[in-house]
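Source: prediction; values computed, not measured.
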Amino acid sequence: MRYIPNSPEERKEMLEIVGLESADELFRSIPSDVLLNRKLNITEPLAEPEVIGAMESLAARNTAATKPSFLGAGVYSHYSPTIVDHLIQRSEFFTSYTPYQPEISQGTLQYIFEFQTLVCQLTGMDVANASMYDGSTAMAEAFLMAQRITRKDKVVIAETVHPEYLQVAETYTQHGGLTIDTVHFDKETGRILDEDLTKLDDQTAAFVVQSPNFFGCVEDLQKLADKAHSVGALFIVVVTEAISFGLLKSPGACGADIVVAEGQSFGIPMSFGGPHLGLFACSEKYVRQMPGRLAGVAYDKNGKRGFVLTLATREQHIRRDKATSNICTNQGLIALAATIYMEAMGKKGLQEVAMQNAQKAAYAKKQIAAISGFEIPFSSPTFNEFVVRAPKNANEILEKLRTDKNIIGGLPLSWHYDDFQNDFLVCVTETNTKKQIDNLVEGLKAVS
Amino acid sequence: MSIKKVTQHPSQNEELIFDRSQTGRVGYSLPKLDVEETNIDEIIPEELRRDDDLEGVPEVSEVDVIRHFTRISTWNYSIDLGMYPLGSCTMKYNSRLNEKTARIAGFTGLHPLAPEQEAQGALELIYNLQEDLAEITGLPGVSLQPAAGAQGEMTGVMLIRAFLDKRDGEAAKDRRVMLIPDSAHGTNPASAAMAGFSVKTIKSTDEGITDLEHLKTLCEQGGIAGLMLTNPNTVGIFEKNIVEICEVIHDAGGLVYMDGANMNALVGVARPGDFGVDVIHLNLHKTFSTPHGGGGPGCGPCCCTAELEPFLPTPRIVKDGEKYKLDYNRPESIGRVKAFYGNFGMMIRALSYIYTHGDTGLKEATETAVLNARYLSHKLAEDFDKPFASDPMHEVIFSHKKQSRKGVHTLDIAKRLIDYGFHPMTIYFPLIVEGAMLIEPTESVGRQDLDAFVEAMKDINEEAQTNPQLVIDAPHSTRIGRLDEATAARKPVLRWKPDMDSMTKTA
């Protein structure tokens with residue numbers, strides 16, 4: 001086995017030194033009747049070219065990976081500068097562990113500190129943690145945090161938050177005495193239904209809104225923040241498309257108390273849903289209730305500046321069952337990829353890519369709206385995703401588009417919202433060329 | 001002759017990126033917009049747009065970014081540089097082959113909501129890994145959805161909760177006690193709390209294993225939902241009474257959750273399912289070598305008995321004839337623990353690891369990992385206090401008892417190891433050993449490196465006895481000395497601001 005340095009002869013010598021005759025004797029403390037005593041029923045060892053061959057033939061059956069696609073819904077296809085994937089493959093980054101020993105982990109600690117800063121700048125918040133597993137679990141953790149801060153047990157959430165995020169929150173909160181109430185959306189605008197805001201009351205720990213919401217509609221966050229605060233609830237903003245930070249008013253500037261986001265758009269491949277990146281930021285006054293790792297400034301005895309993991313008394317290894325979360329580390333290497341992405345793109349790049357997304361989606365929206373029988377059902381402004389209403393069943397149209405035209409045209413809304421059989425969600429990013437958009441439009445004409 | 005340190009060396013003094021920023025520098029290139037432009041006010045009205053010009057976000061060139069990260073990377077220790085013997089973390093070699101397979105375009109470019117018939121390769125990969133992990137653990141129900149070990153734990157205890165709630169109905173509310181040994185990792189009680197359990201602590205014996213009599217006493221008090229047990233336990237010793245422990249818990253009406261953090265001691269040799277364990281989580285980033293990446297991403301599969309399988313997170317990845325499918329119709333499921341299907345990129349790496357090792361290689365890795373730990377245990381026993389006499393499995397625990405009387409503590413020994421070119425072991429864990437040093441070499445260390453580590457430890461002991469201050473002041477070789485963590489926590493500075501240095505220095 002080429003990953004094991006010691007040869008069988010060396011191992012034999014070592015066994016002798018520790019006073020054993022065979023490797024089997026290493027396991028004498030395991031009761032003999034529960035030893036496996038047979039080979040595992042898995043493949044025999046494969047050589048390097050065989051492993052590559054096996055993986056390539058699996059990958060080749062993922063035919064969707066190479067097709068023009070207009071899928072979004074929480075996972076986005078974006079350009080990532082070449083240096084992102086190169087830099088994260090440096091041994092010093094990808095083969096190191098959580099920075100428990102700061103003297104030999106300053107590389108990791110410094111990029112976490114830069115990451116925290118960038119997340120604060122983009123979200124408009126005071127503090128951000130070192131990252132969470134993904135946007136969905138970050139939102140669930142925010143629910144628990146709001147419950148701890150307010151000591152209230154009701155969360156009111158917009159129906160237009162990503163359905164899978166809500167499902168995760170339901171799992172996380174099912175044993176903690178938290179109830180979740182849903183606010184419906186306005187079928188004209190695609191935004192939160194004003195009349196439903198009466199569900200917010202003085203028992204509400206938090207009001208949770210996604211913007212751009214699941215339908216791509218940009219919410220009036222300022223107004224919603226005021227509403228939440230008027231009943232003493234925290235205002236939690238969820239963002240699944242981080243590219244939107246480059247163009248839209250930051251949640252912090254609109255009055256958010258906690259912002260959670262999915263950072264996958266920042267240079268991280270879609271990879272069939274993971275690993276992705278949870279961003280988590282909040283107001284300074286809540287930092288001691290925040291879950292997850294935090295890097296902070298520290299000095300050595302010579303006054304040299306460095307960074308350490310800090311405020312650890314919130315965490316499970318010290319607080320055990322009273323901890324702010326059971327989370328043990330952060331999303332390390334993925335947070336590094338996002339940091340490199342944000343820095344390489346920089347101020348101008350983040351603005352330009354956001355603008356291109358908005359422009360290309362606006363172009364596609366106009367072209368599709370002009371197709372006979374098609375309409376855009378929601379009137380609110382959208383960023384890079386929007387809902388299309390087809391003249392007939394959206395599943396059938398998208399299926400025909402896929403088989404006849406080799407285009408994945410979007411996500412049928414019936415995937416989650418039963419009442420919208422003819423609607424589908426289209427996402428257009430900077431990676432979709434004008435030609436692809438025009439082909440989509442021609443394709444929709446042809447199959448409808 | 002001593003060598004003078006050149007203190008202005010650029011690679012040792014890389015600033016924060018924000019200090020490098022210069023207006024007008026760019027580090028990216030995008031194709032020109034190829035559609036006709038719409039007035040932005042028509043797309044997003046001004047009141048919904050940012051008006052801060054992304055204040056503070058840096059402007060740097062591609063070369064700036066490359067140098068910045070390359071320089072700061074050299075301040076990190078890494079597995080590729082040398083032995084990284086963090087106990088319970090299993091810092092084994094991360095193969096480049098697995099990095100290559102995880103980057104095949106047919107995987108990285110796949111959207112999770114792509115039509116199932118166009119994602120068959122990914123679903124088959126997940127299914128195959130589920131099958132292999134079921135065989136390795138002896139537990140047939142496998143979900144790869146949990147994102148990391150702590151989430152796998154939470155999933156595991158939630159399965160127990162769901163099972164008990166169904167089996168006992170209303171009476172389940174009187175069965176809310178989770179037993180956890182005093183040696184357990186902090187995530188165990190934190191995860192149990194998330195599933196609504198209260199925690200009772202089981203004592204360890206002088207032998208370093210679970211006190212069976214205390215366990216029985218606690219069970220007699222009633223209300224037992226289950227037990228969370230790491231095996232080999234966190235002092236590296238196999239719980240030899242594991243079969244009886246499982247029986248005691250089952251007789252008390254509870255279920256047994258095993259923390260699989262230490263599975264590197266068992267793969268191919270023994271299976272938790274055969275011990276009587278009901279549910280286990282694995283850490284693909286430990287046992288199956290997916291990179292730790294400076295703290296993540298992980299992947300924490302949950303493996304369980306057929307009895308618990310209906311409660312696993314939704315969707316399940318199933319095989320239907322020749323087709324692989326996502327099965328959302330699981331009415332008894334605890335629900336979803338993460339959007340989509342888990343950290344798929346880590347699954348590719350883990351399956352590549354399993355394929356490369358195969359049946360014989362996995363066992364060989366286990367044997368070598370245990371032998372390496374046993375070798376260190378043998379070689380260091382004279383110089384360092386070994387609190388438990390039992391033979392260790394894949395990791396071995398020592399204490400600072402022989403050094404602390406000279407004023408040298410575990411932290412000092414750890415810092416001095418850095419000067420000798422090694423990453424320190426896990427320190428002060430588990431809590432049941434005062435001044436604990438938990439050493440896990442893994443199979444990825446050759447004999448020369450093990451011997452060099454032994455020499456370093458022996459030298460440090462010698463220094464502790466004869467010149468303790470040298471050890472207490474360590475490290476001496478690093479770019480930065482020991483950092484004042486107490487002040488950092490009292491006056492936290494958690495982000496860069498233009499006046500940051502002046503603020504913190506006067507603070």
Gap separating the CD1 atom of A/Ile104 from the CD1 atom of B/Ile480, nearest 0.5 angstrom: 13.0 Å
Contact check, side chains of A/Gln359 and B/Thr38, non-hydrogen atoms, under 4.5 Å: yes
Minimum side-chain heavy-atom gap B/Asn343-A/Ser271 below 4.5 Å: no
Centroid separation A/Phe272 to B/Tyr341 less than 6.0 Å: yes
Structural part of A/Leu336 lying under 4.5 Å from a heavy atom of chain B: side chain
Contacting region of A/Leu411 [heavy-atom separation from chain B under 4.5 Å]: side chain
Under 3.5 Å donor-acceptor, B/Glu36 side chain and A/Tyr363 backbone: no
A/Asn6 and B/Glu443 side chains, donor-acceptor separation under 3.5 Å: no
Derivation and outcome, side chain to side chain contact (heavy atoms under 4.5 Å, CB included), residues A/Lys347 and B/Asp53: CA-CA 8 Å; A/Lys347 178 186 283 191; B/Asp53 193 33; 3.7 Å; yes
Partner of B/Phe69 under side chain to side chain contact (heavy atoms under 4.5 Å, CB included), chosen from A/Glu114, A/Glu92, A/Gln110, A/Arg90: A/Glu114
Step-by-step salt bridge (Lys or Arg N to Asp or Glu O under 4.0 Å) determination, A/Arg11 to B/Glu367: CA-CA 10 Å; A/Arg11 278 177 256 164; B/Glu367 288 172 353; 5.5 Å; no
Heavy-atom side-chain proximity of B/Arg161 to A/Gln174 below 4.5 angstrom: no
A/Lys67, NZ atom: more than 12 neighbouring heavy atoms under 6.0 Å: yes
A/Pro381 and B/Leu48, any side-chain heavy atoms less than 4.5 Å apart: yes
Verdict with reasoning, A/Leu40 to B/Lys363, per side chain to side chain contact (heavy atoms under 4.5 Å, CB included): CA-CA 9 Å; A/Leu40 284 171; B/Lys363 189 176 182 205; over 6 Å; no
Contact leader toward chain B among A/Leu87, A/Asn302, A/Leu15, where contacts are heavy-atom pairs under 4.5 Å: A/Leu87
Region of A/Ile340 that comes under 4.5 Å of a non-hydrogen atom in chain B: both
Any B/Leu113 side-chain heavy atom under 4.5 Å of A/Val75 side chain: no
Audit row: A/Lys360, B/Asp34, salt bridge (Lys or Arg N to Asp or Glu O under 4.0 Å) steps and yes/no: CA-CA 8 Å; A/Lys360 290 201 175 197; B/Asp34 59 356; 3.1 Å; yes
Region of A/Tyr3 that comes under 4.5 Å of a non-hydrogen atom in chain B: both
Heavy-atom contact with chain B under 4.5 Å, split by part of A/Thr137: side chain
Spacing of B/Lys100 atom NZ and A/Met55 atom CE [to the nearest 0.5 Å]: 13.5 Å
Between A/Tyr172 and B/Gln151, a side-chain donor and acceptor under 3.5 Å: yes
Side-chain (A/Asn62) to main-chain (B/Gly121) donor-acceptor, under 3.5 angstrom: yes
Structural part of A/Ser325 lying under 4.5 Å from a heavy atom of chain B: backbone
B/Val370/A/Phe27 under side chain to side chain contact (heavy atoms under 4.5 Å, CB included): CA gap, chis, key distance, verdict: CA-CA 9 Å; B/Val370 174; A/Phe27 302 98; 3.8 Å; yes
Student check: side-chain heavy atoms of A/Glu352 and B/Leu33 closer than 4.5 Å: no
Flag, side chain of A/Gln356 to backbone of B/Pro31, donor-acceptor distance under 3.5 Å: yes
Modelled atom types, side-chain donor and acceptor of B/Glu118 and A/Thr63, under 3.5 Å: yes
Heavy-atom contact with chain B under 4.5 Å, split by part of A/Ser69: neither
Nearest atoms (heavy-atom pairs only) where A/Gly296 meets B/Leu494: CA-CD2, 4.0 Å
Under 3.5 Å side-chain donor-acceptor pair for B/Asn94 and A/Thr95: no
Separation of A/Ser29 OG from B/Met393 CE (nearest 0.5 Å): 5.0 Å
Rounded distance [0.5 Å steps], CG in A/Asp85 versus CZ in B/Arg103: 4.0 Å
Contact summary for A/Ile42 and B/Gly358, nearest pair of heavy atoms: CD1-C, 3.9 Å
Proximal component of B/Asp132, with respect to chain A [non-hydrogen, under 4.5 Å]: both
Contact origin within A/Ser136 toward chain B - heavy atom pairs under 4.5 Å: side chain
Which portion of A/Asp33 sits near chain B, non-hydrogen atoms under 4.5 angstrom: neither
Proximity breakdown for B/Ile348 and chain A, heavy-atom pairs closer than 4.5 Å: both
Heavy-atom check, side chain of A/Tyr100 versus side chain of B/His423, under 4.5 Å: no
Side chain proximity check, A/Pro45 to B/Asp359, heavy atoms < 4.5 angstrom: yes
Side chain to side chain contact (heavy atoms under 4.5 Å, CB included) between A/Lys39 and B/Thr360, worked out: CA-CA 7 Å; A/Lys39 274 190 185 175; B/Thr360 52; 3.8 Å; yes
Backbone N/O of B/Gly481 and side chain of A/Asp300: donor-acceptor pair under 3.5 Å: yes
Which atom of A/Gly273 lies closest to which atom of B/Lys338, heavy atoms considered: O-NZ, 3.5 Å
B/Met194, part contacting chain A, at a heavy-atom distance under 4.5 Å: both
Exercise: identify the closest heavy-atom pair between A/Lys304 and B/Arg479: CE-O, 3.4 Å
Main-chain N/O of A/Phe93 paired with B/Ser73 side-chain donor or acceptor, under 3.5 Å: no
Interface moiety of A/Glu50 toward chain B, non-hydrogen atoms closer than 4.5 Å: neither
Engaged part of A/Ala253 at the chain B interface, taking heavy atoms whose separation is under 4.5 Å: neither
Interface moiety of A/Asn41 toward chain B, non-hydrogen atoms closer than 4.5 Å: both
Shortest non-hydrogen contact between A/Val18 and B/Arg374, atoms and distance: CG1-O, 3.8 Å
Least distance between heavy atoms, A/Ala65 atom then B/Ala105 atom: CB-O, 3.9 Å
Region of A/Leu35 that comes under 4.5 Å of a non-hydrogen atom in chain B: both
B/Phe107, part contacting chain A, at a heavy-atom distance under 4.5 Å: both
A/Ala295 versus chain B, the contacting section by heavy-atom distance below 4.5 Å: backbone
